[in-house]
Engineer: 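Structure in structure tokens, see below.
In what follows, every chain begins at residue 1, and chains take the letters A, B, ... in the order their sequences are listed. Quantities reported herein were computed from a predicted structural model and do not represent experimental measurements.
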Amino acid sequence: MTFPRLRFAPSPTGYLHVGGARTALFNWLYARKHGGQFLLRVEDTDKARSTDESTRAIFEGLRWLGLHWDEDVVFQAANVSRHRADVERMLESGHAYRCFCSAFELDARRKQAEAAEGAFKYDRRCDQLDAAEVARRVAAGDPHVVRFRVPDGATAWTDLVHGTISFPNKDIEDFVVLRSDATPIYNMAVVSDDVAMRITLVMRGDDHISNTPKQIMLYRALGADLPEFAHLPMIHGADGKKLSKRHGATAVADWQHEGILPQTMVNFLALLGWSPGGEFEEVMSIDELVASFDADGLRKTAAVFDVKKLEWMNGQHLVRMPLADLAPLAGRTIAAAGLATEQELAARGDWYLRLLDLLRVRARTVDDIARQARPFLVQAVTYDEAAAAKAWKDPADARAIVAAAREALVAAPTWDAASLEETLKAVGEARGLATGKLFGPMRVALTGEANSPGMFDVLTLLGRDVAISRLTAAENELARRAEGGA
RNA sequence: GGCGGUAUCGUCUAGGGGACUAGGACGCGGCCCUCUCAAGGCUGUAACACGGGUUCGAAUCCCGUUACCGCUACCA
């Protein structure tokens with residue numbers, strides 16, 4: 001039994017995109033499921049577009065998702081001497097030849113051919129050059145590229161997601177493998193590295209399907225064993241187009257900053273293009289994903305990234321995760337919002353955990369939690385005007401209600417839910433008010449918001465002193481409003 | 001243009017010749033619960049791209065059309 005070796009091979013030209021993250025995830029899941037290795041290779045041969053910043057962002061994104069790689073990261077640019085050596089071998093074995101046609105003249109021929117009949121394919125004229133002539137021009141330092149000599153026939157493979165795919169070789173021109181500056185072309189570098197890394201399964205986006213026959217020919221020319229291939233569908237935006245900046249947040253870091261949990265991202269991405277089959281529970285932990293993952297469940301069709309569903313799923317994970325794990329996470333966001341320091345929150349111990357437990361059920365992101373925590377952490381509340389307009393429609397009336405509640409609460413024997421309930425029920429009955437009519441004005445007085453956890457939770461969370469003083473403050477505010485309005 | 005890939009509710013998907021009156025989830029609507037908002041429970045809405053075959057029978061197999069995507073570079 002040999003264990004599979006897979007790799008994720010991003011080019012460091014931007015942040016880790018959700019599409020790339022999904023590709024990395026499937027490679028990782030497959031490797032974990034089958035006890036194999038998941039490797040990381042940075043394809044940094046395009047020096048003009050590659051940046052260290054982007055390399056770091058990719059590492060960070062993968063780490064955030066928990067997609068840890070085995071073995072050291074491979075930087076493709078460090079391997080160009082091997083890429084060249086492989087090209088040299090193909091030159092010697094006759095699988096490749098030198099081409100002295102200039103890019104400029106090729107371009108002209110291509111334009112001409114396209115105007116006339118449509119398709120242009122390199123006509124192999126340099127393959128006719130005799131050895132002495134080639135040697136002379138090489139010695140003279142004539143700029144040239146190296147082209148692969150595409151054989152006759154067809155190239156086919158059994159794709160893990162698409163089944164058999166076959167390309168007639170006649171439709172593939174003698175493609176360049178080494179540029180005139182002696183740097184390798186993408187397909188050459190990929191194959192050389194995948195062979196060197198002993199990759200057994202190449203799993204990547206289906207935009208690489210057309211590259212695959214070329215790469216297979218290269219493996220054969222190099223005398224290397226073929227890996228298996230699996231081509232994953234793309235991820236699209238809501239308009240059905242390939243995901244891009246226009247669609248808003250497309251970098252995994254963007255979602256991290258919006259309060260999406262890494263386990264949600266993994267769960268959501270896993271279900272974009274893969275399904276365990278049959279009826280199944282969609283909210284899954286990473287361990288459950290690893291356990292049920294298999295290539296049979298890979299879909300062929302492009303999927304649309306549905307933010308609504310992502311957010312719903314995050315709400316699910318928020319509620320299911322251990323409170324102890326959520327506490328530091330939410331703490332960071334709360335601290336970033338300037339509501340309290342992480343130390344202060346930690347010092348509040350169980351009170352803080354109880355607050356989180358009450359808020360997370362009505363939140364979809366960690367940021368929602370921080371927003372809702374505000375009234376419980378700041379000194380004085382600010383009244384949301386929309387909430388006030390509704391619950392304090394008649395300021396004089398609202399003031400009377402708040403005052404009555406305050407008076408009763410001041411006299412409450414103990415400050416616990418049961419006792420508070422009894423106290424407030426009496427207030428309602430005395431004034432002939434349903435609890436809704438009573439709690440509405442109180443809620444705005446206590447939290448400044450139209451919505452909050454249940455009244456008794458709010459009161460006990462706030463504590464007697466804060467609650468009473470907020471009610472008093474609201475009475476003053478309402479008195480002001482009653483005057484101003486009258 | 002050539003070559004390749006894909007096509008089930010708005011979205012993610014189940015299903016792979018008869019069990020399909022096409023199932024689940026998100027979203028949206030309704031009801032229940034209820035002090036608000038959520039969560040939860042129940043429920044409604046909504047799909048086999050089109051046309052030909054094959055077959056007793058097609059969402060499922062075959063062919064074509066259409067649409068979308070990718071490749072067709074000395075980009076990756």
Engineer: Suppose we call two aromatic rings close when their centres sit under 6.0 Å apart. Are A/Phe456 and A/Phe439 close by that rule?
Structural biologist: yes

Engineer: Could you run down the sub-3.5 Å N/O contacts of the protein with nucleotides 2-5 of chain B?
Structural biologist:
unit_1: B/G5; atom_1: O3'; unit_2: A/His162; atom_2: ND1; d: 3.0

Engineer: Could you check whether A/Arg354 pairs with A/Asp457 (Lys NZ or Arg NE/NH1/NH2 to Asp/Glu carboxylate O, under 4.0 Å)?
Structural biologist: yes

Engineer: Does B/U65 have a Watson-Crick or wobble partner in any strand here, with both distances under 3.5 angstrom, and which is it?
Structural biologist: B/A49

Engineer: Could you go through the ring pair (Phe, Tyr, Trp, His ring centres under 6.0 Å) check for A/Tyr186 and A/His208 one step at a time?
Structural biologist: CA-CA 11 Å; A/Tyr186 170 76; A/His208 286 290; 5.7 Å; yes

Engineer: Residues from residues 181-188 of chain A sitting under 4.0 Å of RNA chain B, heavy atoms only?
Structural biologist: A/Ile185, A/Tyr186

Engineer: Taking only nitrogen or oxygen atoms into account, show me every contact under 3.5 Å that the protein makes with nucleotides 20-24 of chain B, one pair per line with its distance.
Structural biologist:
unit_1: B/G24; atom_1: O4'; unit_2: A/Glu279; atom_2: OE1; d: 3.3

Engineer: Rounded off to whole Å, could you give me the CD-to-P distance for the A/Glu173 and B/C71 pair?
Structural biologist: 15 Å

Engineer: Rounding to a whole Å, what distance do you find between A/Leu272:CG and B/C26:P?
Structural biologist: 16 Å

Engineer: Counting only Watson-Crick or G-U wobble pairs whose two distances fall under 3.5 Å, which nucleotide matches B/C56?
Structural biologist: B/G18

Engineer: Compute whether any side-chain donor of one residue and acceptor of the other, for A/Thr264 and A/Asn314, lie under 3.5 angstrom apart.
Structural biologist: yes

Engineer: Using both distances under 3.5 Å as the test, list the Watson-Crick or G-U wobble partner of B/G29, or none.
Structural biologist: B/U43

Engineer: Could you tell me how far apart A/His83 (NE2) and B/A76 (P) are, to the nearest whole angstrom?
Structural biologist: 11 Å

Engineer: Name the residue closer to the 5' end of RNA chain B, choosing between A/Met234 and A/Cys101 according to the nucleotide with the nearest heavy atom.
Structural biologist: A/Met234

Engineer: Please give the distance between the C1' atoms of B/G44 and B/G1 as a whole number of Å.
Structural biologist: 50 Å

Engineer: Show each protein N/O and nucleotides 61-68 of chain B N/O combination with a separation under 3.5 Å, one pair to a line.
Structural biologist:
none

Engineer: Under 3.5 Å for both donor-acceptor distances, Watson-Crick or wobble: does B/C3 have a partner, and if so which one?
Structural biologist: B/G70

Engineer: Starting at atom CD of A/Glu43, determine the distance to atom P of B/A76, rounded to an integer number of angstrom.
Structural biologist: 9 Å

Engineer: Please enumerate all protein N or O atoms sitting under 3.5 Å from an N or O of nucleotides 32-43 of chain B, with distances to 0.1 Å.
Structural biologist:
unit_1: B/C35; atom_1: O4'; unit_2: A/Thr435; atom_2: OG1; d: 3.4
unit_1: B/C35; atom_1: O2; unit_2: A/Arg443; atom_2: NH2; d: 2.4
unit_1: B/C35; atom_1: N3; unit_2: A/Met455; atom_2: N; d: 2.9
unit_1: B/U36; atom_1: O2'; unit_2: A/Ala450; atom_2: O; d: 3.4
unit_1: B/U36; atom_1: O2'; unit_2: A/Asn451; atom_2: OD1; d: 2.7
unit_1: B/U36; atom_1: O2; unit_2: A/Ser452; atom_2: N; d: 2.8
unit_1: B/U36; atom_1: O2; unit_2: A/Ser452; atom_2: O; d: 3.1
unit_1: B/U36; atom_1: N3; unit_2: A/Ser452; atom_2: O; d: 2.5
unit_1: B/U36; atom_1: O4; unit_2: A/Gly454; atom_2: N; d: 3.2
unit_1: B/C37; atom_1: O4'; unit_2: A/Asn451; atom_2: OD1; d: 2.8
unit_1: B/C37; atom_1: O2; unit_2: A/Arg362; atom_2: NH1; d: 2.9
unit_1: B/C37; atom_1: N3; unit_2: A/Arg362; atom_2: NH1; d: 2.5
unit_1: B/A38; atom_1: O2'; unit_2: A/Val361; atom_2: O; d: 2.7
unit_1: B/A39; atom_1: OP1; unit_2: A/Arg364; atom_2: NH2; d: 3.2
unit_1: B/A39; atom_1: O4'; unit_2: A/Val361; atom_2: O; d: 3.4
unit_1: B/G40; atom_1: OP1; unit_2: A/Gln316; atom_2: NE2; d: 3.2

Engineer: Can you figure out which of B/G10, B/G27, B/U13 approaches the side chain of A/Asp306 most closely?
Structural biologist: B/G10

Engineer: When you get a sec, tell me which of B/A76, B/C74, B/G16 is the closest nucleotide to the side chain of A/Arg299?
Structural biologist: B/G16

Engineer: If you find the nucleotide of RNA chain B closest to A/His208 and the one closest to A/Leu310, which residue's nucleotide is nearer the 5' end?
Structural biologist: A/Leu310

Engineer: Tell me which nucleotide among B/C12, B/C74, B/A76 gets nearest to the side chain of A/Ala303.
Structural biologist: B/C12

Engineer: Identify each donor-acceptor pair in which a side-chain atom of residues 418-438 of chain A lies under 3.5 Å from a protein atom, sequence neighbours left out, and give them as a table.
Structural biologist:
unit_1: A/Ser419; atom_1: OG; unit_2: A/Thr414; atom_2: O; d: 2.8
unit_1: A/Ser419; atom_1: OG; unit_2: A/Thr414; atom_2: OG1; d: 3.3
unit_1: A/Thr423; atom_1: OG1; unit_2: A/Ser419; atom_2: O; d: 2.8

